[in-house]
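These notes concern the structure reproduced below.
Ligands are counted one by one from 1 in listed order, and the atoms in each one are counted from 1 as well. Please read these numbers as outputs of a predicted model, since none were measured by experiment.
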Amino acid sequence: MATGSTLNGKQHGGISLERGAFLKGAGAMALFFVTASATAFGAAPMEIAVRGAAPAYTIVVPEKASPVEKYAAGELQAFLEKVTGVNLPIATDAGPLPNKAILLGETRHSLALLNGAFDPKTLGSDGFRLAARPPHLVAYGSAKRGALYAAYEILETHAGCRWYASWHSVIPKKDRVAVPGDLDDVQTPAFAMRQPFWYDINKHRDFSARLRVNGYNHTGDDVDEKYGGDSFRFGGGLGSCHTFNTLLPPSVYFDKHPEYFSFVKGKRLNGRTQLCLTNPDVLRIVTSNVLERIRKDPGAKFYGVSQNDWYNYCECEKCAAIDKEEESHAGTMVRFVNAIAEAVEKEFPDVIIETLAYQYTRKPPKKTRLRHNVMPCLCTIECDFARPMNESPYAENKAFMKDICGWKTQTDQLYLWDYVTEFQNFPLPFPNVYALQGNVKFFRENNVKELFEQGDQCGRHGAFAELKGWLLAKLLWNPDREVEPLIADFFAGYYGKAAPFIREYFEELHRRQRAWSADPSHPLRIWTSAAFRALDDDFIAWAKPLWRSAVEAVKDDPALSYNVRMSAFSFDFLHLERIGMTLRRKDILFAPRTSADDARFAEQKALAKSLLDRMDEAKDIRLSESLPRHNALVAGWKSIVAPVTNAPVDAIAPQCTELEESQLRLDKPGKWGEFVDDPKAGDGKALKLFNTHFEWCATFSMGRVKFRPGAKYKIRARVRVEKERDGGEAFWAGVYDPVSKKGLGGVQPRTDAIKDSEYVWYDVCTWMPRADGKEYFWFGPGRFGKDGKSSIKAVYIDKIELSQSK
Ligand SMILES: [Zn+2]
């Protein structure tokens with residue numbers, strides 16, 4: 001039974017036997033099971049390579065081996081030699097069966113040896129069956145890709161090889177490589193297309209093949225046949241998304257035919273437009289363009305017809321009527337794409353037209369069904385990623401779950417585009433690792449066939465990028481694998497002696513995120529910032545020594561040291577951003593510089609230099625999906641390291657500053673209000689104003705702020721009101737100029753319009769600050785009603801925000 005559950009089953013935790021002691025726990029167990037299997041069941045292990053002995057086994061491939069089968073044989077031979085020093089010969093099945101053979105791919109002997117009720121078609125193009133038929137080992141898999149994955153299964157599970165990154169493998173030295181004498185392992189992947197979309201995986205095809213990644217469609221170049229080619233290519237020069245502007249460019253058509261484009265707020269749009277999908281000429285032109293592109297580039301699986309990457313769908317009478325009838329803007333979209341697909345099918349019956357179910361088209365149409373040759377690409381961009389899709393309390397996740405149920409019943413070709421990193425700042429922590437498995441399982445259960453996991457595709461060393469890419473590859477193959485042994489395996493192999501320190505950081509990071517995101521109003525979305533409350537300055541102070549210890553632990557091992565220092569990039573980036581926030585706040589308040597500030601400046605400079613040095617060392621680190629932001633960050637860091645006089649004021653300077661309630665002056669503390677703990681406030685603290693009066697008792701002098709001369713600013717306040725009754729005044733607030741004795745703007749909401757006891761941002765005023773800074777922000781509880789009583793119980797201020805306004 002032990003053998004069955006650990007070695008003959010489909011999965012076995014991914015721990016190599018040799019490194020069992022090193023990895024503790026699960027690895028040691030596996031070692032025990034192997035011993036037990038050999039003795040208790042009498043199925044002696046088959047030793048396929050023994051150090052120092054002459055090669056006993058021959059790797060046999062078909063006489064007319066495919067590029068994949070040939071490459072698989074070479075990989076198996078090369079890595080077995082690295083592990084044992086034994087170079088197994090490679091032969092074809094043209095000759096007689098050798099005494100001992102590893103039969104790789106579709107050899108003429110394989111099926112006969114496997115015999116019994118076995119239909120090789122069940123393996124598809126990627127699955128394999130690895131079976132001991134003593135004295136032979138059958139590694140059966142299709143010549144398309146399965147044979148290659150069978151070879152990697154031998155190397156990974158039975159020889160202990162690990163490929164963690166294109167630059168970091170762990171290939172153990174062993175005295176022997178053996179497989180259990182009763183081995184029979186059938187594996188097929190959960191998803192037809194598996195694409196963890198990360199820079200290192202995209203760029204290194206040998207590495208991605210070892211991870212059994214087979215989707216390449218977004219990289220745009222040809223995939224060598226030895227890796228299995230590209231079965232999921234998007235053709236016609238269209239790519240997979242946002243193709244309207246390519247298929248019917250406004251630059252060509254708008255002047256003569258504005259009616260082809262979106263009608264929005266009373267006029268046809270030229271810039272950032274979509275198509276008017278009910279216009280028959282639009283359908284005619286796009287259809288003929290798509291056909292033309294397929295004729296020029298036949299042989300791809302998919303051709304994309306989809307909305308541009310913004311909103312602005314057409315609101316003309318005809319489009320609006322259909323979308324109303326279909327209760328979704330996917331109504332016009334699916335009817336339009338169906339019509340194209342119908343035309344395409346006549347000439348290209350195997351082609352699939354792909355379209356997006358994204359943002360305004362994410363909700364499926366109520367009536368129209370997808371044609372069989374239309375594939376929706378459903379996108380999770382709005383969701384919370386701190387927890388699996390179906391466990392998050394966030395409203396958008398619930399909406400997404402409803403939408404996926406609507407699409408999955410219409411197609412057996414559901415393509416899912418998921419997001420697994422932070423895009424505004426690739427290196428910023430994005431603690432979603434413990435949500436990955438739940439999501440992958442959720443997608444499988446909802447009939448997803450192609451799974452695209454968009455990570456940091458622009459550079460290396462995003463936050464735990466290597467772990468995420470590797471782990472996702474494992475889960476896309478088999479979502480049911482236990483995650484913990486995989487994470488432990490990666491940490492041990494990739495970080496060595498630094499693993500415990502980084503793991504502790506990793507756990508706390510995720511713990512904090514999950515706690516923060518338990519509140520439905522705190523989702524982990526793909527654009528965050530360092531102002532993010534779950535990872536505050538206390539967290540920085542706590543984590544700093546861990547990273548120091550991690551770096552120290554591997555300082556004598558260049559390979560591990562590289563991995564640790566580059567993984568620390570994420571934390572150091574966060575740390576630098578937070579120091580910047582603190583100093584900017586001091587700056588804006590003109591607070592006197594203290595010795596603590598001096599230390600901050602010194603640390604800021606050291607961090608900026610260290611990050612820039614690592615960018616030079618790694619060459620291809622990218623800080624943001626937006627290149628202008630990447631460049632601005634780099635420029636900002638350079639100016640910290642070597643300040644340039646007359647440098648632009650705001651390469652990345654604050655356009656926006658938040659001020660905590662503690663910056664407000666409170667009149668008559670204890671009588672008119674008090675500073676209190678408030679779990680609902682962003683930082684857990686708020687200024688509470690009592691209902692016993694309505695004076696302007698909380699104020700902030702603008703003389704403390706260094707505004708940019710001549711610029712306009714906006715002030716907002718984050719406030720919650722505990723209501724007593726409707727029909728009265730909740731609070732009043734504004735900016736007052738005591739010189740001209742004029743209010744410069746304000747807000748005065750009524751209790752009827754307020755959601756009881758929830759924090760809301762209120763726009764207070766937009767104004768041009770005085771050069772002398774005499775004006776001030778004021779805030780008071782709502783004035784009393786006719787009965788002389790307040791309509792509120794109390795009002796709480798969490799913070800105010802000053803931002804430059806256009
Ligand atoms: Zn229209």
Practice task
Verify whether the ring centers belonging to His630 and Phe426 lie closer than 6.0 Å.
Solution key: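 No, they do not, as the ring centres are separated by 6.0 Å or more.
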Handout entry: Aromatic ring proximity Phe191/Phe443, centre distance under 6.0 Å
Key =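 Phe191 vs Phe443: aromatic centres not under 6.0 Å.
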Exercise for the section: In plain terms, say whether Glu382 and Arg362 are close enough for a salt bridge, that is, a side-chain N and a carboxylate O under 4.0 Å apart. Expected result: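 Counted as a salt bridge, because a side-chain N and a carboxylate O are separated by less than 4.0 Å.
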Handout entry: Sidechain N-carboxylate O distance under 4.0 Å for Asp200, Lys203
Key =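 Salt bridge absent between Asp200 and Lys203.
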Exercise for the section: Look at atom NZ of Lys680 and say whether more than 12 heavy atoms of other residues, nucleotides or ligands are closer to it than 6.0 Å. Expected result: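 Yes - once you tally the heavy atoms of other residues, nucleotides and ligands closer than 6.0 Å, there are more than 12.
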Tabulate below the donor-acceptor pairs under 3.5 Å that side-chain atoms of residues 245-260 make, not counting sequence neighbours, or state none.
residue	atom	partner	partner atom	Å
Asn245	OD1	Asn308	ND2	3.0
His257	ND1	Glu259	OE2	2.9

Exercise for the section: Take the Zn ion (ligand 1) as the centre and count protein N, O or S atoms at distances under 2.8 Å. Expected result: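 If we list every protein N, O or S atom nearer than 2.8 Å to the Zn ion (ligand 1), we get 4.
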